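Since the structure comes first, as structure tokens, the remarks are kept for the end.
Please read these numbers as outputs of a predicted model, since none were measured by experiment. Chain naming here is simple, since letters A, B, ... match the order of the sequence lines and numbering starts at 1 in each.
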2 protein chains.
Amino acid sequence: MNYSQQRNCILEIVMSDPVHPTVEQVYEKAKLRYPNISLGTVYRNLNQLSEHGILKKICSSYGSVRFDGRTDAHFHMICKDCQRVFDVELGEMLGLEDKLMDKFGFQVSEYEISIQGVCCDCKK
Amino acid sequence: MNYSQQRNCILEIVMSDPVHPTVEQVYEKAKLRYPNISLGTVYRNLNQLSEHGILKKICSSYGSVRFDGRTDAHFHMICKDCQRVFDVELGEMLGLEDKLMDKFGFQVSEYEISIQGVCCDCKK
DNA sequence: ATTAAACTTGAGAATGTTTATCACTTTTTA
DNA sequence: TAAAAAGTGATAAACATTCTCAAGTTTAAT
């Protein structure tokens with residue numbers, strides 16, 4: 001990857017504020033600095049940055065794709081109403097539901113762990 | 001929800017085989033029994049069934065949306081190559097990476113837990 | 001059984017999201 | 001500083017999902 005001003009700006013937008021923005025939100029913020037930036041450029045760069053493991057793509061059943069500047073192990077709480085994504089640290093998972101209610105006022109309704117990797121068939 | 005043959009067929013397709021099919025895969029299987037079934041009907045019913053908690057929608061960063069006939073607490077392993085989704089039981093999570101390698105030959109590269117619910121702002 | 005209301009369907013249009021294309025510009029390399 | 005490689009904006013294309021609606025089913029109350 002070569003350097004580019006636009007990609008750098010996109011990276012900063014996602015890294016600097018843990019709001020887990022959607023593509024559209026990144027686009028709106030990027031336009032403040034580069035008024036002519038195209039939506040395609042935002043998609044292209046978010047995807048490249050994810051593929052290089054610099055950002056993480058988050059997909060949930062509720063709402064649209066979002067991006068996360070944190071790539072270390074942690075969890076996400078996703079609100080079914082506003083679809084915002086909140087970070088949860090590993091330790092906060094012990095005694096899950098009560099703890100999340102006490103700490104964040106977040107009412108857990110279901111959760112899902114997904115593990116990415118390569119299956120035994122594809123490793124061949 | 002009224003009864004309908006098509007919805008029932010769609011439900012059976014997802015419930016009977018733990019392949020976690022995509023919309024398109026459900027559509028292809030449903031056409032064997034209802035050759036005129038429309039893709040819109042498949043989307044409509046998969047969404048209704050998920051909204052009623054009868055099926056679960058699975059979204060991952062790799063590949064497309066899939067549906068799961070199991071709604072009890074369990075995990076998913078998603079292959080980055082073939083994008084298939086495999087079930088993992090809760091107990092199998094202790095000593096995660098080694099255990100999954102021993103048991104399934106699945107090489108874990110990253111994982112993510114997402115918790116759905118309602119945040120403190122939206123509860124107001 | 002008959003009927004009315006509510007629900008569902010298939011077909012296709014409409015919308016929304018994401019990727020591809022291409023002439024041009026920027027960055028890197030040597 | 002020139003050539004190669006990579007990136008950009010604009011727009012078209014591809015793909016995914018939802019919407020619309022006339023016609024057909026299912027349900028519940030006569």
Side-chain angles (χ1 to χ4, degrees), chain A residues 1-15 20-68 78 80 82-85, chain B residues 1-14 19-68 78 80 82-85:
Chain A
M1 277 204 298
N2 277 352
Y3 169 86
S4 96
Q5 296 189 319
Q6 288 89 336
R7 182 186 299 130
N8 200 56
C9 171
I10 287 168
L11 179 58
E12 271 177 17
I13 287 168
V14 180
M15 295 288 251
H20 308 89
T22 62
V23 178
E24 207 60 38
Q25 288 170 337
V26 173
Y27 180 47
E28 289 309 319
K29 273 203 167 181
K31 272 201 288 195
L32 299 177
R33 206 174 319 172
Y34 299 94
N36 299 333
I37 197 171
S38 90
L39 183 56
T41 298
V42 175
Y43 270 100
R44 201 186 315 122
N45 284 312
L46 286 172
N47 285 337
Q48 282 179 322
L49 290 165
S50 307
E51 279 153 21
H52 283 76
I54 300 166
L55 296 181
K56 188 152 171 31
K57 204 173 179 178
I58 312 172
C59 300
S60 86
S61 325
Y62 311 97
S64 35
V65 175
R66 288 167 172 277
F67 289 86
D68 191 352
I78 301 167
K80 285 183 163 183
C82 62
Q83 269 125 55
R84 280 184 299 169
V85 177
Chain B
M1 276 202 298
N2 278 354
Y3 170 85
S4 97
Q5 296 189 321
Q6 288 89 335
R7 182 185 302 130
N8 201 56
C9 171
I10 287 168
L11 180 57
E12 271 176 16
I13 288 168
V14 180
V19 296
H20 308 87
T22 62
V23 177
E24 207 59 40
Q25 287 170 338
V26 174
Y27 180 48
E28 287 310 318
K29 275 204 167 183
K31 272 202 286 195
L32 299 177
R33 205 176 316 174
Y34 298 95
N36 300 332
I37 197 170
S38 87
L39 184 56
T41 298
V42 175
Y43 270 101
R44 201 185 315 122
N45 283 312
L46 287 172
N47 284 338
Q48 282 179 321
L49 290 165
S50 306
E51 280 154 21
H52 283 76
I54 299 166
L55 297 180
K56 188 152 170 31
K57 204 172 180 178
I58 312 172
C59 300
S60 87
S61 327
Y62 312 97
S64 34
V65 175
R66 288 167 172 277
F67 289 86
D68 190 351
I78 302 168
K80 284 183 165 185
C82 61
Q83 269 123 55
R84 280 184 299 170
V85 178

Atom CZ of B:Arg33 and atom C1' of C:dT9 are separated, to the nearest Å, by 17 Å

| Hey, does A:Asn8 have a side-chain heavy atom less than 4.5 Å from the side chain of A:Gln5? | no

Heteroatom pairs (N/O) under 3.5 angstrom, protein to nucleotides 12-19 of chain D:
residue : atom : partner : partner atom : Å
D:dT17  : OP2  : B:Tyr43 : OH           : 2.4
D:dT17  : O5'  : B:Tyr43 : OH           : 3.4
D:dT18  : OP2  : B:Asn47 : ND2          : 2.9

Separation of D:dG7 atom P from A:Glu51 atom CD, nearest Å, is 12 Å

Evaluate the side-chain proximity of B:Arg33 to B:Glu12: yes if any heavy-atom separation is below 4.5 Å, no if none is. yes

To the nearest angstrom, the CG-P distance between A:Asn2 and C:dT27 comes to 9 Å

task: Would you check if the side chain of B:Arg7 reaches a backbone N or O of B:Asn45 as a donor-acceptor pair within less than 3.5 Å?
output: no

Check: Looking at side-chain heavy atoms only, is the closest gap between A:Glu28 and A:Gln25 below 4.5 Å?
Finding: no

Numerically ordered, the residues 3-13 of chain A set in heavy-atom contact under 4.0 Å with DNA chain D is A:Ser4, A:Gln6, A:Arg7

All heavy atoms of B:Cys9 vs all of B:Tyr34, minimum pair found to be CB-CE1, 3.7 Å

Rounded to whole Å, the OH-C1' distance (A:Tyr27 to C:dT17) equals 14 Å

- Task: Please tell me if the side chains of B:Leu39 and B:Val23 come closer than 4.5 Å, counting only heavy atoms from C-beta onward.
- Result: yes

* Would you say the side chain of A:Met15 lies within less than 4.5 Å of the side chain of A:Leu55, judging by non-hydrogen atoms? -> yes

Does B:Ile10 reach the side chain of B:Gln48, with side-chain heavy atoms less than 4.5 Å apart? no

A:Asn36 atom CG is separated from D:dT11 atom C1', nearest whole Å, by 15 Å

Whole-Å distance, B:Ile37 CD1 to D:dT25 C1', equals 14 Å

- prompt: Does the side chain to side chain contact (heavy atoms under 4.5 Å, CB included) test come out yes or no for B:Ile54 and B:Met1, once each step is laid out?
  reply: CA-CA 12 Å; B:Ile54 299 166; B:Met1 276 202 298; 4.0 Å; yes

Rounded to 10°, the helix from C:dA1-D:dT30 to C:dA30-D:dT1 deviates from straight, judged by its five-pair end axes, by 50°

When rounded to whole Å, the NE2 to P distance for the pair B:His52 and C:dC7 reads 11 Å

Inset, instruction - Report yes if the side chains of B:Phe67 and B:Lys57 come closer than 4.5 Å at any heavy-atom pair, otherwise no. - result: yes

Whole-Å distance, B:Asn45 CG to C:dC7 C1', equals 11 Å

*According to a strict under-4.0 Å criterion, is B:Gln48 in side-chain N/O contact with OP1 or OP2 of C:dC7?*
no

Self-check item: B:Val19 and B:Lys29, any side-chain heavy atoms less than 4.5 Å apart
Solution: no

